[in-house]
Engineer: 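Sharing a structure, written as structure tokens. Questions coming.
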Amino acid sequence: MAAVVLIGSQWGDEGKGKITDFLAEKANIVVRYQGGNNAGHTVIANGEEFKLHLIPSGILYPDKTCVIGNGVVIDPKVLLDELDHIEKRGIKTGKLLISSNAQVIMPYHWVLDGLEEEARGERKIGTTKRGIGPAYQDKVSRIGIRIIDLLDKEEFAEKLRSNLVEKNNLFVKVYGQEALKFEEIYETYLGYAEQLRSMVTDSSLAIDESIRSGGRVLFEGAQGTLLDVDHGTYPYVTSSNPIAGGACIGSGIGPTRIDRVVGVAKAYTTRVGEGPFPTELLDESGEQMRANGHEFGTTTGRPRRCGWFDVVIARYAVRVSGISDFAIMKLDVLTGFDTLKICVGYRVGGEIIREFPQSQKIFRQAQPVYEEMSGWQEDLTLVRRFEELPGAAQNYILRIEELTGVPATLVSIGPGREQTIVRGGIY
Ligand code: GDP
Ligand code: IMO
Ligand code: MG
């Protein structure tokens, strides 16, 4: 197996960082293909915790090449700070390559993210305010600044100047704010460019060459299926394509190159930000999940909304990404519940639906139809083989496999690398 895509199967924060780090051991290249520093991927390596926002989670292995692909929106300051932070902690990092075609998040994108959210009022999305949406807007509007533009003083000056005319018009005339100054931004970003220059390359070519020569490539998705701008709970989504197809677009490789798709899913469900969530628990069971699972956002620190596992969502993720294997995460967090619920369909009006609805109006009304299973009381965090899990925990995983039709090849019972039950090979 050469190329594996790893995606979030729910609303993000499934544990992609942990599984990327786990699988990266056997990979040569790890690639981020979409999103930006709205992501927060936690990796615990040799007992130390790292929170990565932009750099692929393979960076903690000194011999891995990491790639930030063309589909990513890069805030250069965040990237440089992140590199600096890891190096200062004494970690010998792998080699980092940056696609010359990746888009740059500019200061006006952060400002706009805040202003647009405020203007939405009650209908706010609950964005991370990192400028992600506005940066992707500019990309699609064909006025975005790419990393390659930053490396060329004249090109950058021209693009920045024309962007600022438009953005300052908006700030001053529509939002009544102060205009941003060209010189300040220009000088600062040219400084970033010099620090990044040696890493910038045609990363599509580097990935293709590796695959052709028998290398193993791991694509690390950010966010999750239901945050996908096309396939998610629109408009309560991010502005990129976290699903597996996004890996091709965001890195410049073709779909025939991909051998396997790993869907990372929590053994329950969480969501940060606004939008519908049928299995959300607003009672003490939800509190118990949040407390046991430390469910607070890695990027913004917001409490994550918690609820039961939703098979309608999992099956939908299987469909839109062609998931071949599940990594079921945080099974240990469900210890202590007498009964567990799995949502197998939605009641909408008088009907029961089993496929994820196209209409968000219908999704908003969806009432979960649950199947109940026995829980377990044993601590799972020291278990290393599937057969050592309590019977009820094994049954829970087996039932998820049965309902989704996809093997749970990896089962995670703690944040550490070693707290991973392997039931089959991925590479
Ligand atoms: P990502 O955005 O998908 O990479 O996920 P996050 O890092 O935002 O959130 C997942 C959190 O769960 C992190 O704090 C991980 O350290 C932690 N984690 C991952 N797997 C497990 C697990 O199996 N059990 C427990 N208890 N924590 C886990
Ligand atoms: P990882 O990679 C969870 C959510 C935000 C908001 C919506 C849009 O750690 O799984 P944006 O700033 O992207 O415009 O916000 O998407 N969101 C995430 N939720 N995990 C993430 O990333 C997220 N990235 C964005 O909370 O609801
Ligand atoms: Mg996260």
Side-chain angles (χ1 to χ4, degrees), residues 6-22 32 34-45 48-54 56-57 72-73 75 105 109-110 112-114 116-117 120 124-137 220-229 232-240 242 263-275 277 289 291-305 327-335 379-381 383 410-421:
L6 180 150
I7 58 133
S9 312
Q10 296 154 326
W11 274 290
D13 300 327
E14 296 89 349
K16 297 176 294 292
K18 166 176 163 162
I19 296 298
T20 300
D21 170 75
F22 178 79
R32 271 281 308 268
Q34 45 70 233
N37 58 311
N38 47 350
H41 296 180
T42 315
V43 178
I44 298 187
E48 275 200 69
E49 186 179 74
F50 294 87
K51 291 181 184 298
L52 301 166
H53 298 283
L54 255 177
S57 303
V72 175
V73 286
D75 187 324
I105 298 183
H109 294 136
W110 317 317
L112 267 175
D113 203 350
E116 286 176 359
E117 274 287 85
R120 284 182 198 114
K124 75 175 191 309
I125 294 168
T127 74
T128 58
K129 302 210 175 138
R130 300 298 193 267
I132 307 295
Y136 278 114
Q137 286 168 31
E220 176 184 13
Q223 289 80 49
T225 305
L226 293 186
L227 290 173
D228 186 283
V229 68
T233 46
Y234 193 87
Y236 299 101
V237 293
T238 192
S239 301
S240 67
V264 185
K266 271 179 189 155
Y268 47 99
T269 311
T270 64
R271 172 163 210 179
V272 201
E274 309 300 318
F277 179 177
M289 284 177 190
N292 292 356
H294 307 290
E295 296 296 357
F296 295 88
T298 311
T299 300
T300 56
R302 291 177 286 178
R304 294 173 181 151
R305 300 157 66 192
I328 303 290
M329 313 300 290
K330 300 187 102 162
L331 190 64
D332 54 302
V333 173
L334 293 183
T335 287
D379 173 35
L380 308 184
T381 54
V383 171
L410 302 173
V411 177
S412 176
I413 35 73
R417 274 180 191 165
E418 69 295 348
Q419 291 174 302
T420 313
I421 299 173

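Whatever order the structure lists ligands and atoms in, that order sets their numbers, starting from 1. Along the sequence shown, residues carry numbers from 1. These numbers were taken from a predicted model, which means no experiment stands behind them.
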Engineer: If the cut-off is 4.0 Å to any non-hydrogen atom of Gly40, which atoms of ligand 2 fall inside it?
Structural biologist: 1 (P), 9 (O)

Engineer: Could you tell me whether a side-chain N or O of Thr299 sits under 3.5 Å from a main-chain N or O of Asn38, the two making a donor and an acceptor?
Structural biologist: yes

Engineer: My understanding is that we take every heavy atom of each candidate and find the minimum distance to atom 8 (C) of ligand 2. Doing that for Leu226, Leu52, Val237, Asp113, which one comes out nearest?
Structural biologist: Val237

Engineer: What are the atoms of ligand 1, with element, lying closer than 4.0 Å to any heavy atom of Ile413?
Structural biologist: 23 (O)

Engineer: Report the member of Thr127, Thr300, Val229 with the shortest heavy-atom distance to atom 15 (O) of ligand 2.
Structural biologist: Thr127

Engineer: Could you establish whether Arg304 and ligand 1 come within less than 4.0 Å of each other, counting only heavy atoms on the residue side?
Structural biologist: yes

Engineer: When you look for heavy atoms under 4.0 Å from ligand 2, do you find them on the side chain of Tyr236, its backbone, both, or neither?
Structural biologist: neither

Engineer: Considering non-hydrogen atoms of the protein only, which is the closest contact for atom 26 (N) of ligand 1, and what is the distance?
Structural biologist: Asp332 OD2, 2.7 Å

Engineer: Any atoms of ligand 2 less than 4.0 Å from a non-hydrogen atom of Ala39? List them with their elements.
Structural biologist: 1 (P), 2 (O), 9 (O), 22 (O)

Engineer: Could you list the atoms of ligand 1 found under 4.0 angstrom from a heavy atom of Met329?
Structural biologist: 20 (N)

Engineer: Glu274 and Arg120: salt bridge (charged side-chain N to carboxylate O under 4.0 Å, His left out), yes or no, with the steps?
Structural biologist: CA-CA 12 Å; Glu274 309 300 318; Arg120 284 182 198 114; over 6 Å; no

Engineer: Under 4.0 Å from a heavy atom of His41: which atoms of ligand 1 are those, numbered in the order shown and with their elements?
Structural biologist: 1 (P), 2 (O), 4 (O), 7 (O)

Engineer: Quick one: look up the protein heavy atom nearest atom 12 (O) of ligand 1 and list residue, atom name and how far away it is.
Structural biologist: Lys330 NZ, 2.9 Å

Engineer: How far is atom 4 (O) of ligand 1 from its nearest protein heavy atom, and which residue and atom is that?
Structural biologist: Gly17 N, 2.8 Å

Engineer: Looking only at N, O or S atoms, which one in Asp13 sits nearest to the Mg ion (ligand 3)?
Structural biologist: OD1

Engineer: Decide whether Ser57 and Lys16 meet the rule of one side-chain donor and one side-chain acceptor closer than 3.5 Å.
Structural biologist: no

Engineer: Distance under 4.0 Å to a non-hydrogen atom of Ala222: what atoms of ligand 2 satisfy this?
Structural biologist: 2 (O)

Engineer: Looking only at the side chains, is there a donor atom on one of Arg130 and Thr128 sitting less than 3.5 Å from an acceptor on the other?
Structural biologist: no

Engineer: Counting each atom of ligand 2 from 1 as listed, which ones have a heavy atom of Arg302 under 4.0 Å away?
Structural biologist: 5 (C), 26 (O)

Engineer: Under 3.5 Å, side chain of Gln10 to main-chain N/O of Leu226, donor-acceptor pair present?
Structural biologist: no

Engineer: So which heavy atom in the protein is nearest atom 13 (O) of ligand 2, and how far is it from that ligand atom?
Structural biologist: Thr238 OG1, 2.6 Å

Engineer: Does ligand 2 have any atom that is closer than 4.0 Å to a heavy atom of Gly126?
Structural biologist: yes

Engineer: Look at the side chain of Tyr136 and the backbone N and O of Gly35, then say whether any donor-acceptor pair between them is shorter than 3.5 Å.
Structural biologist: yes

Engineer: Got the closest protein heavy atom to atom 16 (O) of ligand 2, with its distance?
Structural biologist: Leu227 CD2, 3.6 Å

Engineer: Is there at least one pair of N or O atoms, one from Lys266 and one from ligand 1, spaced under 3.5 Å apart?
Structural biologist: no

Engineer: In this structure, does ligand 2 have an atom that sits under 4.0 Å from one of the heavy atoms of Arg304?
Structural biologist: no

Engineer: Gly15 versus ligand 1: do any nitrogen or oxygen atoms come within less than 3.5 Å of each other?
Structural biologist: yes

Engineer: Do me a favour and list the nearest non-hydrogen protein atom to atom 10 (C) of ligand 1 with residue, atom name and distance?
Structural biologist: Asp13 O, 3.8 Å

Engineer: Under 4.0 Å from a heavy atom of Lys16: which atoms of ligand 2 are those, numbered in the order shown and with their elements?
Structural biologist: 1 (P), 2 (O), 10 (O)

Engineer: For ligand 1, which atoms, with element, lie under 4.0 Å from some heavy atom of Lys18?
Structural biologist: 20 (N)

Engineer: Look at ligand 1 and say whether Gly12 reaches it with a heavy atom at a distance under 4.0 Å.
Structural biologist: no

Engineer: What protein heavy atom sits nearest atom 12 (O) of ligand 2, and how far away is it?
Structural biologist: Thr128 OG1, 2.6 Å

Engineer: For Ile125, take its heavy atoms, then give the atoms of ligand 2 lying under 4.0 Å from any of them.
Structural biologist: 8 (C), 27 (O)

Engineer: Counting from 1, what ligand 2 atoms have a heavy atom of Gly273 closer than 4.0 Å?
Structural biologist: 27 (O)

Engineer: By number and element, which atoms of ligand 2 are closer than 4.0 Å to a non-hydrogen atom of Trp11?
Structural biologist: 3 (C), 19 (N)

Engineer: For His41, state whether at least one heavy atom is located under 4.0 Å from any atom of ligand 2.
Structural biologist: yes

Engineer: Closer than 4.0 angstrom: is that true for some heavy atom of Gly414 and an atom of ligand 1?
Structural biologist: yes

Engineer: For atom 6 (P) of ligand 1, what's the nearest protein heavy atom and its distance?
Structural biologist: Gly40 O, 3.6 Å

Engineer: Considering non-hydrogen atoms of the protein only, which is the closest contact for atom 27 (O) of ligand 2, and what is the distance?
Structural biologist: Val272 O, 3.2 Å

Engineer: Using a strict 4.0 Å threshold on nitrogen-to-oxygen distance, state whether Asp13 and Arg304 make a salt bridge.
Structural biologist: yes

Engineer: For the side chain to side chain contact (heavy atoms under 4.5 Å, CB included) test, which of His53, Lys51, Glu220 pairs with His41?
Structural biologist: Glu220

Engineer: Which residue holds the protein heavy atom closest to atom 22 (O) of ligand 2, what is that atom called, and what is the gap in Å?
Structural biologist: Gln223 NE2, 3.5 Å

Engineer: Among all protein non-hydrogen atoms, which one is nearest to atom 20 (N) of ligand 2, and what is the separation to 0.1 Å?
Structural biologist: Asp13 OD1, 3.2 Å

Engineer: If hydrogens are left out, which of Ser57, Gly293, Ser412 has an atom nearest to atom 23 (O) of ligand 1, that is, the closest non-hydrogen atom?
Structural biologist: Ser412

Engineer: Provide, to 0.1 Å, the distance between atom 15 (C) of ligand 1 and the closest protein heavy atom, together with that atom's residue and name.
Structural biologist: Thr42 CB, 4.0 Å

